[in-house]
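Naming: A, B, ... by sequence-line order, numbering from 1 per chain.
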Amino acid sequence: MRSTDHRASPEAPSREAPPRRDFLREKVAEDAASGRFGRPIHTRFPPEPNGFLHIGHAKSICLNFGVAREFAGRCNLRFDDTNPTTEDIRYVEAIRDDVRWLGFTWDDERFASDYFERLYEIAEMLVGAGKAYVDSQSEEAIRERRGTVTVPGTPSPYRERPVEENLGLLRRMRAGEFPDGTHVLRARIDMAHPNMLMRDPLLLRIRHASHYRRGSAWCVYPLYDFAHGLSDAFEGITHSFCTLEFKDNRELYQWLVREAGFERPPEQTEFARLELDYTVLSKRKLLRLVTDGHVTGWDDPRMPTIAGLRRRGVTPEAIRAFADRIGVARSDARIELATFEHAVRDDLNMRVPRVMAVLRPLKLVITNWPEGQVDMLDAPLYPHDVPLTGSRPVPFGRELWIERDDFMEDPPRKFFRLAPGREVRLRYGYLVTCTDVVKNAAGEVAEVRATYDPATRGGDAPDGRRVQGTIHWVSAAHAVAAEVRLYDRLFSVPEPDAVPEGQDFIASLNPESLVTIRGARIEPSIAADPPGTRNQFERTGYFMSDPLDSRPGALVYNRTVALRDSWAKVKDK
RNA sequence: UGGCCCUUCGUCCAAUGGCAGGACAGCGGACUUUGGAUCCGUUAAUGGAGGUUCGAAUCCUCCAGGGCCAACCA
C-alpha cells in the first residue's frame, strides 16, 4: 500500500558520536600503551542469570563491549552462575537475546560454573598453604564473630585447625558428606581487618541443590568473591569493570588472584551504577514486580528491562546513544527521565514513518462534502526535515474522526485548534471551519459540524490566508480500530527506592502507568503492518504495534514515548 | 578500630596547576501543514574554611554533606 516502505530497513544511518574519554578509558589507554598486561585488552560482561537485564546493565554492556572494540580487544560474556538456588537457563537465554539485540557480539561465552573444578583446586591449594580453613560454626556464630564496622571480629575456634584436618574436611564437604550449613571454607586473613570483606571471607558453602548447568555434580559452591576475580584471571581479563558498591571487594579480589599465583592479574575498577528517576533498577525489586503481578512480566513495556524497553518500541540505537550521553564516572548519578526520553525521540524522529491516529474519537461531519464521495490524498511518510521519502494514500470523506482534545466549545485565546467559528487545517487535507456543535442528552459534545473550502486541497489556501492550527484526523468510513496502550512512568515518585521507614516501595507505584484505550481509530495504511512496526502517530507520540498481542484485524499499539508537548505548558498558564 | 569512596549549572558529564565548557531540562525568539523537528539566543555551577603557588575546580589540611561495607546474594 505504501509507495515506499522504509520500515523494511531496520538500520538508520549511524548518528552515534565517537565515544567520549572517561576515566576508565583513560586508564585502559594508558595500560594499552604501556603494554603492562602483555596481552590484548580484555573485558567481560558478567551477569548472574537470576533475572532479566535492565537499562543499568545496558550501561555496563556498552562500556565493556565498547572498550573492547575501541582498543581492538576482546569482550567475554560470562555468566556468574555460582548460586544454584536462584539461577535458571531461561535467564541465560534472555540475557543472550538482550545483549545481541543491543548490538553486541561477545568473543567467548563462559560460565563461572565451568570453573568449579579449578576453583576447588585453588581451595585445596589455599588450605595447603595455611591460607584457608574449614569453619564449623553455625551461620549465626559466624555472623556474630565477624564483629561490626567499629568492633573487630573474633577468631573462630576452628581457625587454627591443622592443615591435614582442613584438607580432610574440605574433601568430605566436596564429597557430600555434610548437610547444608555445617561447614564452610574461609580464607584466613585478618578477623580484625578494618575492611569487613577481609575478615576471613567465606569461599565455599555447602548447597545440596541442583545447579541448572552442573546438575548435582557439585554440592559445594563458591561465593562471589572467590569466583569472580579468579574467573577474570582464568580468562585473561585485563580490565574488570564493576559498580561502586564493590569497591571494598577489590582488596579481596587482589588477595585472591595473587595467592592463586597469577603474574599479571586483571585489575578491578569501579564506576557509578545507573540510577534513573521514576523507576527501580534492582533485580530484587524487579523480580518482586513480576512475581507479585504488578506488571505482566519481565518484558512488560513499563519495566526498565531491556526486554521491556524493546517491547515498548525503544531501539538499541537509542539505548546506546543514551549510555553514551550519560557518560561514566565515579560519583553517584541519578539521571532525569527527560534525558532518556530525549535519546529515544532523537532516534525515532529520524527513522519512523508518520501516520494519523485518533485516540479519543469525536465525529466531525463536513456538511458541504458530497455524501459518499471519497478523495484519496497522497500524504508523505516523513516530514520535510527528515531525509527519507515515501508516501501513502489517505482517504478523506464526509465523516471524519478527530481528537476530542482538538475541539473546545469555549477555547482560551491561544488554543489553535477547532472551536465554533474557527478554521483549522486537517493535516494533508482541507481547511475546515466549524459551524455547529451537536450535543447528546447529557449535554456532552457528540458531533461537530464544519464546512470545507474546496480550494484548499492539500492544506494550502490559494488566497494565502494563514491558518494557525493543524489537527490530525481519519476517515470514519475507512478507519481501522485499534487498542492503544499508553504507558507512563512506573512510579509516581522520582526515587522509589527511597522508601520512608516502614513503607513498601510498591506503595509508590503509579496507578496510571498504563492507560488502555480500546476505541482508537487509525488510518487504513497501517492495516497490514506486521507486529513490531513503529510509527509516529502525528502530534501524539511514537508507537509500536505490540509484538505479542497485535494481529491483523486486532491491532494493539504500545506508546513508546509521547511527543514533547509545549502546549501543556501554555495550557497551564 | 572503623575503613573506603564521592562532592563542578536544576540533572549528567568535561576542564588532568593557566579564559569553568558540552548535553539534557528551563526561558526567549525564528521557522513550521505535527503546539513535533530544526535553527538562533539565553539563564545557570566549582559544598565551606584555611594553606601551597605568579596562578587552584585541580595539590595539601580540616570541616560539612552524601554513599558503600557487618547475606553461607551478586
Side-chain angles (χ1 to χ4, degrees), chain A residues 17 20-23 26 46-48 50 80-83 85-86 135 138-139 142-144 146-153 180-181 183-186 192-199 202-207 221 223-225 227-228 242-251 270 272 277 283-284 324-343 345-346 349-350 354 356 379-380 383-386 414-417 424-429 431 458-460 467-472 536-542 562-571:
Chain A
R20 64 168 80 205
R21 269 300 169 91
D22 48 66
F23 78 102
E26 295 282 358
E48 185 192 10
N50 67 346
D80 225 340
D81 53 354
T82 56
N83 185 350
T85 60
T86 57
D135 195 352
S138 69
E139 194 173 336
I142 289 175
R143 189 160 42 237
E144 280 163 24
R146 187 147 33 219
T148 71
V149 290
T150 53
V151 177
D180 289 4
H183 306 278
V184 289
L185 183 74
R186 301 180 73 173
H193 202 286
N195 179 352
M196 298 288 295
L197 266 319
M198 298 297 277
R199 319 244 263 227
L202 276 61
L203 268 24
L204 291 171
R205 81 288 214 183
I206 302 172
R207 280 271 185 289
Y221 292 92
L223 279 100
Y224 166 81
D225 288 296
H228 196 90
C242 66
T243 46
L244 251 23
E245 69 272 21
F246 290 95
K247 176 66 195 358
D248 290 347
N249 299 64
R250 185 158 97 200
E251 198 171 3
E270 310 82 19
D277 277 353
K283 276 200 200 166
R284 209 198 90 245
D324 186 57
R325 280 304 180 75
I326 62 176
V328 181
R330 238 176 343 190
S331 55
D332 299 308
R334 171 164 290 275
I335 309 296
E336 291 177 340
L337 211 49
T339 305
F340 178 69
E341 292 186 343
H342 176 266
R345 292 193 192 101
D346 194 44
N349 176 46
M350 297 305 287
R354 272 63 169 175
M356 292 194 286
H384 59 91
D385 49 4
V386 170
K414 292 207 159 183
F415 184 80
F416 300 147
R417 288 115 96 165
V424 296
R425 175 182 300 106
L426 295 176
R427 181 99 162 136
Y428 311 125
L431 300 182
D460 284 312
V467 175
Q468 179 76 270
T470 301
I471 66 174
H472 59 277
Q536 183 195 103
F537 292 171
E538 290 213 54
R539 304 209 307 133
T540 304
Y542 294 97
L563 251 33
R564 280 186 72 207
D565 183 9
S566 56
W567 163 246
K569 286 169 203 158
V570 177
K571 189 171 51 177

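- Rounded to an integer number of Å, the gap from CZ of A:R539 to P of B:G36 is 10 Å.
- Between B:A74, B:C24, B:C72, one nucleotide has an atom nearer to the side chain of A:L202 than all others, and that is B:C72.
- Between A:R427 and A:H472, the side chains place no donor N or O within less than 3.5 Å of an acceptor N or O (distance only, hydrogens not considered).
- A:R325 places its CZ atom 15 Å from the P atom of B:A14, with the value rounded to the nearest Å.
- Only the C1' atoms considered, B:G51 is 11 Å distant from B:A56, to the nearest whole Å.
- The six-membered or imidazole ring of A:F415 lies near that of A:W567, with a centre-to-centre distance under 6.0 Å.
- The nearest whole Å value for the distance from the CG atom in A:N50 to the P atom in B:C73 is 12 Å.
- Among the nucleotides B:C72, B:G36, B:G35, the one closest to the side chain of A:K414 is B:G35.
- As a whole-Å value, the separation of A:M350 CE from B:A37 C1' is 9 Å.
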Please write out the pairs of protein N or O atoms and N or O atoms of nucleotides 4-7 of chain B separated by less than 3.5 Å, giving the distance to one decimal.
| from | atom 1 | to | atom 2 | distance (Å) |
| --- | --- | --- | --- | --- |
| B:C4 | O2' | A:K247 | NZ | 2.9 |

Taking Watson-Crick (N1-N3 plus N6-O4 or O6-N4) and G-U wobble (N1-O2, O6-N3), each under 3.5 Å, can you produce the dot-bracket string of RNA chain B? Use [ ] for crossing pairs and | for inter-strand ones. .((((((..((((....[..)))).(((((.......)))))....(((((..]....))))))))))).....
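- Spacing between B:G22 and B:A45 at atom P, rounded to whole Å, works out to 14 Å.
- Rounded to whole Å, the distance from CG on A:N195 to C1' on B:C68 is 11 Å.
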